[in-house]
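Report on the following structure.
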Amino acid sequence: MNEKYDTYAVAIVIAFGSLVIGGLMAATLAFGSRDGFLFALGAAASAWLAGYAMFFDRARGFIALTALSVLMALGATALLIKL
């Protein structure tokens, strides 16, 4: 296994899963948007799985999960702005 994939996988799990999407989850909870929270939760789960897809060298899975995470985060943001 290539060692550089491990570093990128950990960076993706930390950056997307805990910092960016965690803040979005907190914002949707603070404003009472249940649907936005569920979108943010789905985005966090997808980003978390994308880290493992990169760790196991599954490029197509990584791209699909990252795209799904971005779309769900945009959906949560759109619902948050709508309030």
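Positions are given from 1 along the sequence.
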Rounded to the nearest 0.5 Å, the OG atom of Ser33 sits from the CG atom of Leu79 at a distance of 5.0 Å
Hits for side chain to side chain contact (heavy atoms under 4.5 Å, CB included) against Ala50, two or more places apart or cross-chain, chain-then-number order -> Phe62, Leu65, Thr66
To the nearest 0.5 Å, atom CE of Met54 lies from atom CD1 of Ile63 at 9.0 Å
(Q) Which label fits Tyr52 and Phe55: parallel for a plane angle under 30°, tilted from 30 to 60°, or perpendicular past 60°? (A) perpendicular
Heavy-atom nearest pair, Ala44 first then Met25, reads CB-SD, 4.3 Å
Taken to the nearest 0.5 Å, the spacing of Phe39 CZ from Leu71 CG works out to 10.0 Å
Separation between OG (Ser69) and CG (Leu49), nearest 0.5 Å, reads 10.0 Å
Do Ile21 and Leu29 belong to the same hydrophobic cluster, where Ile, Leu, Val, Met, Phe, Trp and Tyr are linked whenever their side-chain heavy atoms lie under 4.5 Å apart, directly or via other members? yes
Taking every heavy atom of Gly36 against every heavy atom of Ala76, the minimum-distance pair comes out as O-CB, 3.3 Å
Minimal heavy-atom distance between Phe31 and Leu80, with the atoms involved, is CD1-CD1, 3.7 Å
